[in-house]
Structure formats: structure tokens, C-alpha cells
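What follows is a set of notes on a single structure, which appears directly below.
FYI, the numbering just counts along the sequence from 1.
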Amino acid sequence: MLVNALKLDQRGKYGFSSEGCIALFENNLSRLHTDDQALLDHFGVGREQLVSHINSPIDNEPLPIDGETVLNTLKKKLARLDSINMETNTSSSDKDNFYWFGYRFFLYSIEIFQADGRYSHASTYINEPTFFTSLEPYILARVGRTSEQSLVHYLNTKIAHGDDIDLSTFNEQLRTLPLLEFFEAYPVLATLLFDLLEDTLNYLYAVILDFAADIESLEAEFSVPSRQIDAIELGLGDPHGRGETVCQVKICAISLVYKPRASREALFFNRLLGQLHEWTKADCFSIRAPRILSRERRSWVEKIDNEPCDNAADVELFYKKMGAQIAVIHALNGIDFHYENIIACGNSPVMIDLECLFTASTSDLLSDLPAGCALSNSFKSDQQSVCSSGFLPFSQHPNNDQSGLSRQELFIATRHSLVFEDGFYHLRKISFEHQLIQKHLPLLQGERKGLEAYKTELFQGFEYAYKELMVHRYKIMRMLEQSAGELTTRVLLKNSQRYADFIGLIRHPRFTQNMLDRELLLATLWKDLKEPYRKMGIPRYEIADLQRSSIPCFTMPLSANHFMSAQGETIEMAAVEPPIKSCLQKIANLSRRDWALQRK
């Protein structure tokens, strides 16, 4: 029933319509919540009241106005989806499972895009045939990942009911199957998919209209040869907020990287390296900095290619520059510099994501250790060392070193594989090897040059840069103080993979059939929460992102002690000191003793 797409406050007194729905809810409740604490934080009621509500007899009372509006909007979207003309010569024989399901949503997204009031203006800035073609892989992939578990569950349910159907037949049926029938069983999935497409299309319009607003500056800065976008490649980073993600914008032969945020941190970092080069004349501070056009809430960045070194001396210089940049990033409290955030461009390592400079420490909020004790001090020392920068080898799993200096070529990853077993279809997680294109390592005559033979050069660059940072520390501190008002830093409350795993769980059929079941899952974010985060309601901001399949993201202005959510809301955090304070302290405390510690 589509009414099961509604949240608790949207249902009013409308109870559950089947014993199966009630049983699933009670099972999820007992599995996820052994007490009322998280439920009270999330719903405002406990287990007993929730069970009483879902067991209430269905009456003829109308839904609350908000619920009625949401339900009618969902019905209209599904009717429009089912009205899409699916007459096409395209064959699905060589396509992924459930291809037609995703393709129908792709055609729907094009229709909605062209019906938007912004289309008339935006269409003059896109080359329509190539532009729409560029969107298809991203939309098919996201719709596929979001829906595949429910589609498999639906197919198995039909088999269990005695239908003579297999995967091939079902795949073909998805071309014409009235999807209203499917979404009656999985209404929460419908809201997930429509929200995903709405966010994607709104973001596309933002990119196109920003391109239109900035076109004269883009022509001046990057010499773009046309005023029409040929293609947009979405998904170059995690989606945040309303599906905003770093993307690549192609204009004829030129590709620019569009970021849905300013790039002031990168500009500061490049300016600082430029100053160090001017003060010292040392080659290790001479870098290949991408051209950047940074606006208040967006930026355009030159796409840096992985170019080879000219000779062996260039490889040595590359590692001296790498050592120097590690020292600078250490002084600026930088983290998250794994291999994907570095491009080797000739003899220069180019850092392509600098939003995790100036990182604020939140460990005091989360630690149960007494302040100033030996273990607490040791933890802080490690947290502020180069070990936390991401450059040094580390691995979340055996043989998966993702560090900025990683020499690893083969990585072990997992993916879903659909298998037929005992009369039903199952999505199994399988491990597979994939080869990394080592764009973070210098290339000489077709061969990647790892750190092993260049440790001396790396240490030389680090030692020289560290010494110069001590010499010029007060000038650097003044630079930072003067720029702090416009700089921000990323706050990592949880590992991004934890959020990604949670989104994967949201897609499970247990949580796509009834919104209240999904709400039970989201309420678990309130469990085992440290008091400062509970007091400020951090899970509410996480939930706002997760329920739209986005990775929660928080930032902090350097001179303030509040967080900013991905939705732009301010979260006061009086117990967290402004990031600039610890950054200035770090620079002031640079010493031979600390240098020796980091060098180990």
C-alpha cells in the first residue's frame, strides 16, 4: 500500500493494514531496540506506544493534510512514470540485470528535466544529445544500487507464490510492467528513487546555471572554446546534502572539475607553497598548482592529468616535493590524503582535495579518558602526527593499503552477484581483485616509480621543509590568521564507509516496504551517543542526509566553534575549540624534537 510510504506524523491514526506488516514491524523493533532511549529521541514515544499505534484498528478518518499531500504527489509521480513510452529498438540481452527498470527512470528523469521551468534558459548552455547520453550511466547505476535488493525480493515472492517466472522473463517484464503494482509492495523505495532523481536534476541545473553565470570568467581563466556543455560526469566523490557531488564538466576538448563548494583552502595551500618557494628559492616548494576559479559556494578547477616525468632526476624531485608537502600538511593539521587525492603530474605531486586541512580535534568530546593522563596525551600525540595524514601506509583490510604513498596495485573489493540456488535468487557478496591505476605515483618510461628507492629524497624534502616552516613560522601564522575568516575544514564524525554501509542497509527489503520500519533503523543513530552529540541533536542532521542516500558531511569555519551541516544549518558546539587555535598551536610547537618524532 502506498500509504506505507508515510512517516509516523503523516499517518495520523491510520494503522497497519496487514498482519504481515505488523509482524515485520514488531520483529524489527525487537531486533533494533532493546530499550526506549533512542526511540524517545527520534519519535518522542517509546516501544509500547509504537506497538499500540500500529495495532490500532483502521478507521475511516482522513489522513493529516501533510500525509494526504505526500501521498497524492507520490501517486502522480508513479502515474507519470508508468506513462513513459517504452517503444525502443534497444536490446537488453547484453545489459545488467533489471536494466529496463533503471532505463524507465532514466527516461522519466529526462522528461522531468525538460518540463522544468528552468529548462528554457538552461537548454541554451547544453548540447542536448551528448549531454543526456552522459547522464545515463550515473542514473542507471544509482537506481540499480538502490533498488536491486527489493527487485530480487519481489521476484522471489512471485516464485514463492507459484508464478512460472525466471530472471530472464522478469527482466523483460520490467519493460512494460505497471510499476505502480511493484511500488504498492515497496512504497519506501519509490520515495528513495524519486528523491534521488529530484536531487540529481536540481544539482544538474545548479551546475548548468553556474556555468552560465560564470561563462565569461571561465573563458578568461580556462579558455573554454564553447558556451555549451557537452557532458557532465557525476559521482567523482561521495554525494552530500541533496546529492551534490564533485563532477567533471566537458566543453569540447576541455574538461573542468566542478565542486559544489568554494576552494579557498586549496588556494591558501598553493599560495603558502608559493611563498615558501619565494622565501627559500628551493625546488621542493615549486609545484604544479591547478588553475582555480572559486566562488562563494562553488568552484571550477583545472583537470590535472597524470603526466610522465622527463627523466630520472624528475622522479627524485617528485619525492622531495612529496616530503616537503607532507611537512606542510602536517603543520596545517591535514588528514585524508589517500592515493585518490593525489595526482602525479610530471615531477609534481598535486593534492586535489584539500578540504581536510586545518582539522579540528573532537577527541576530547568522545574520550572517556581523564584529561592530561598519559594515555590521553599519547592518543592526542598520535592524532596530531603524520600517521593521521593519510600519506603513510595503512589498511582497513589486509592487502588494501590506500595511503598516499601506497605501492599496491591489486586491491580486494566486494560486489553483489545474483545467483540461483534452491529455486530462488540470492544477492551474494563476492570478493574480486581490481587493478589500481596508480595516478599518485610518478611515471617514467611507462613504469610507476614507488617510494622504495626514493626514501632518501622523501626524507630530505620533509626535513628541509620542516626546518623552513620553523624559520618562517610567524609569517605563516600571520598568513593563516589573515585568511582564517574565509576558510573552513571538514569534520569527520564517522568514517564515510560506515555511512555508506548504513545506506546499503536502508535499501534492504525489510526497510523499503514500510516507512515506519525505516524510521526504526534511522532511530538507531541515537544509540550509544556521547552526550555532547546527543545534546546538539547530531543524528537529526545525519538522518536528513542518509534518508536521501547522501553521506552526512559537517564543516567548521576556522575561527568559530560551530559545525555546519550539509544542509547549511548551524550547530553550536561550545565544547569544541575553533580549528585555528590548534592549528596555530601546532605551528608554534614545531621543533627538532617533533621533527625527530615524525621522521620515525
Side-chain angles (χ1 to χ4, degrees), residues 203 206-224 232-241 244-251 254-276 287-305 325 328-329 332-338 340-343 345 348-360 390 404 439-440 479-480 482-492 551 553-560 564 566 568 579-580 583:
Y203 184 55
V207 176
I208 296 166
L209 296 177
D210 285 346
F211 176 81
D214 295 338
I215 186 61
E216 292 183 358
S217 298
L218 293 172
E219 288 171 336
E221 184 67 36
F222 302 104
S223 301
V224 295
I232 294 181
E233 182 185 350
L234 295 166
L236 300 188
D238 291 331
H240 299 300
E244 293 124 4
T245 174
V246 175
C247 60
Q248 183 172 295
V249 180
K250 186 173 182 181
I251 311 102
I254 289 181
S255 291
L256 298 177
V257 176
Y258 175 92
K259 297 188 176 186
R261 58 183 182 271
S263 290
R264 301 186 191 97
E265 295 72 38
L267 290 171
F268 177 87
F269 180 75
N270 294 334
R271 189 167 72 252
L272 174 57
L273 288 174
Q275 281 292 317
L276 286 165
I287 64 163
R288 167 72 167 87
R291 288 171 290 163
I292 299 173
L293 178 64
S294 184
R295 300 300 199 205
E296 183 66 26
R297 298 182 184 277
R298 63 184 181 274
S299 53
W300 304 88
V301 184
E302 175 189 5
K303 182 177 180 289
I304 295 294
D305 293 319
Q325 291 196 43
V328 174
I329 288 168
L332 298 179
N333 279 345
I335 64 171
D336 204 35
F337 287 88
H338 51 79
E340 291 180 314
N341 284 340
I342 304 169
I343 299 289
C345 184
S348 284
V350 181
M351 308 299 152
I352 59 172
D353 190 351
L354 290 149
E355 64 175 347
C356 284
L357 287 178
F358 321 115
T359 305
K439 293 183 178 181
H440 64 296
M479 279 182 66
L480 184 56
Q482 290 167 0
S483 300
E486 60 181 19
L487 298 175
T488 62
T489 184
R490 177 92 176 266
V491 181
L492 300 177
I551 303 294
C553 175
F554 300 89
T555 57
M556 280 188 80
L558 247 63
S559 298
M564 296 294 296
I580 190 173
C583 212

- prompt: Is the closest side-chain donor-acceptor distance between Thr488 and Arg261 under 3.5 Å?
  reply: no
field: Non-hydrogen atoms of Ile292 and Ala266 that approach each other most closely
entry: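 Nearest heavy atoms, Ile292 then Ala266: CD1-CB, 3.9 Å.
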- prompt: Minimum heavy-atom separation for Met351 to Ile342, with atom names?
  reply: SD-CG1, 3.8 Å
Would the distance check show the side chain of [X] and the main-chain N or O of [Y] forming a donor-acceptor pair, the cut-off being under 3.5 Å?
{"X": "Thr489", "Y": "Leu357", "answer": "yes"}
{"X": "Thr359", "Y": "Asn333", "answer": "yes"}
{"X": "Ser294", "Y": "Ser263", "answer": "yes"}

Are any of the side-chain heavy atoms of [X] and [Y] separated by less than 4.5 Å?
{"X": "Tyr258", "Y": "Leu236", "result": "no"}
{"X": "Ile287", "Y": "Gln325", "result": "yes"}
{"X": "Met556", "Y": "Leu558", "result": "no"}
{"X": "Phe268", "Y": "Leu354", "result": "no"}
{"X": "Glu233", "Y": "Ser255", "result": "no"}

Any carboxylate oxygen within less than 4.0 angstrom of a Lys/Arg side-chain nitrogen, looking at [X] and [Y]?
{"X": "Arg264", "Y": "Glu296", "answer": "yes"}
{"X": "Asp214", "Y": "Arg298", "answer": "yes"}
{"X": "Glu302", "Y": "Arg288", "answer": "yes"}

- request: Give a yes or no on this: more than 12 heavy atoms of other residues, nucleotides or ligands lie within 6.0 Å of atom CZ of Arg291.
  value: yes
task: Identify which one of Leu256, Val301, Ile251 satisfies the side-chain contact (heavy atoms from CB on, under 4.5 Å) criterion when paired with Phe222.
output: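 Going through the options one by one, the only one that passes is Leu256.
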